[in-house]
Amino acid sequence: QVQLVESGGGLVQPGGSLRLSCAASTNRFTMGWYRQPPGKQRELAATITKTGTTNYADSVKGRFTISRDNANNTVHLQMNSLKPEDTAVYYCYVKSRFGYENWGQGTQVTVSS
């Protein structure tokens with residue numbers, strides 16, 4: 001079982017920035033973040049493969065940047081120009097080459113004035 005430790009959530013004003021980090025106990029091919037807004041289903045925010053291929057939700061393109069440190073099995077999500085609609089619980093996500101998935105416990109991000 002892969003252990004995932006998330007950090008970096010919190011309350012921020014619209015237009016502000018936050019950086020989420022997730023440390024995995026072992027390396028996985030795909031790492032990233034999904035989010036679940038209040039009353040909605042979980043959705044993709046961004047993912048990145050071990051080789052650096054990224055995938056972003058259209059709603060965050062140009063504002064969020066995902067990166068990873070393969071040596072330390074960590075993934076980061078830099079979130080800029082945050083909007084109230086970015087408010088959600090953000091979940092760290094990893095997937096192996098064979099399709100095995102693991103999820104973090106989630107960290108709350110609230111964008112509000």
S.K.: Thr110 vs Gln108, test: side-chain hydrogen bond (donor to acceptor under 3.5 Å, both in side chains). Steps then yes/no.
M.R.: CA-CA 6 Å; Thr110 302; Gln108 178 70 46; 3.3 Å; yes

S.K.: Knowing that exactly one of Leu20, Ile66, Val12 qualifies, which makes a side-chain contact (heavy atoms from CB on, under 4.5 Å) with Met79?
M.R.: Leu20

S.K.: Would you check if the side chain of Glu6 reaches a backbone N or O of Gly106 as a donor-acceptor pair within less than 3.5 Å?
M.R.: yes

S.K.: So for atom OH, which belongs to Tyr100, do other residues, nucleotides or ligands contribute more than 12 heavy atoms lying within a distance under 6.0 Å?
M.R.: no

S.K.: Arg68 and Asn27: which non-hydrogen atoms are nearest, and at how many Å?
M.R.: NH2-ND2, 3.7 Å

S.K.: How close do Leu18 and Gly10 get, counting heavy atoms only, and between which atoms?
M.R.: CD1-O, 3.9 Å

S.K.: Should Arg97 and Arg28 count as side-chain neighbours, where that means a heavy-atom distance under 4.5 Å?
M.R.: no

S.K.: Please report the shortest heavy-atom distance between Pro37 and Arg35, naming the atom on each side.
M.R.: CD-O, 3.8 Å

S.K.: Does a side-chain heavy-atom distance below 4.5 Å link Val94 with Leu4?
M.R.: yes

S.K.: Indicate the atoms forming the closest heavy-atom contact of Ser17 with Ser81, along with that distance.
M.R.: OG-N, 4.4 Å

S.K.: Give the minimum heavy-atom separation between Tyr56 and Lys61, together with the two atoms involved.
M.R.: O-CE, 3.5 Å

S.K.: Hey, are the side chains of Pro84 and Ser112 touching, using non-hydrogen atoms and a 4.5 Å cut-off?
M.R.: no

S.K.: Find the distance between OG1 (Thr53) and CD1 (Ile48) and round it off to the nearest 0.5 Å.
M.R.: 8.0 Å

S.K.: Give the minimum heavy-atom separation between Arg63 and Asp86, together with the two atoms involved.
M.R.: NH1-OD2, 2.7 Å

S.K.: Please lay out, stage by stage, how Phe29 and Thr51 fare under the test side chain to side chain contact (heavy atoms under 4.5 Å, CB included).
M.R.: CA-CA 8 Å; Phe29 186 74; Thr51 54; 4.3 Å; yes

S.K.: Tell me, do Thr47 and Tyr34 make a side-chain contact under 4.5 Å, heavy atoms counted?
M.R.: yes

S.K.: In Å, rounded to the nearest 0.5 Å, how long is the span from CD of Gln1 to OG of Ser25?
M.R.: 8.5 Å

S.K.: How far apart are the C-alpha atoms of His76 and Ser21, what are their side-chain angles, what is the distance that settles it, and do they pass the side-chain hydrogen bond (donor to acceptor under 3.5 Å, both in side chains) test?
M.R.: CA-CA 4 Å; His76 308 284; Ser21 295; 2.8 Å; yes

S.K.: Between Asp69 and Ala71 (side chain of the first, backbone of the second, donor and acceptor by atom type, cut-off under 3.5 Å), is there such a pair?
M.R.: yes

S.K.: Scan residues 27-87 for pairs that pass disulfide (SG to SG under 2.5 Å), counting only residues two or more places apart or in two chains.
M.R.: none

S.K.: Classify the angle between the aromatic ring planes of Tyr93 and Trp103 as parallel (below 30°), tilted (30 to 60°) or perpendicular (above 60°).
M.R.: tilted

S.K.: Return yes when atom CD of Gln105 has more than 12 non-hydrogen atoms of other residues, nucleotides or ligands closer than 6.0 Å, and no otherwise.
M.R.: no

S.K.: Would you say Asn55 and Leu44 make side-chain contact, with heavy atoms under 4.5 Å?
M.R.: yes

S.K.: Side chains of Cys92 and Val75: closer than 4.5 Å at any heavy-atom pair?
M.R.: yes

S.K.: Measure the acute angle between the ring planes of Tyr90 and Phe64, then classify it against the limits of 30° and 60° as parallel, tilted or perpendicular.
M.R.: tilted

S.K.: Any side-chain heavy atom of Lys50 sitting closer than 4.5 Å to one from Met31?
M.R.: no

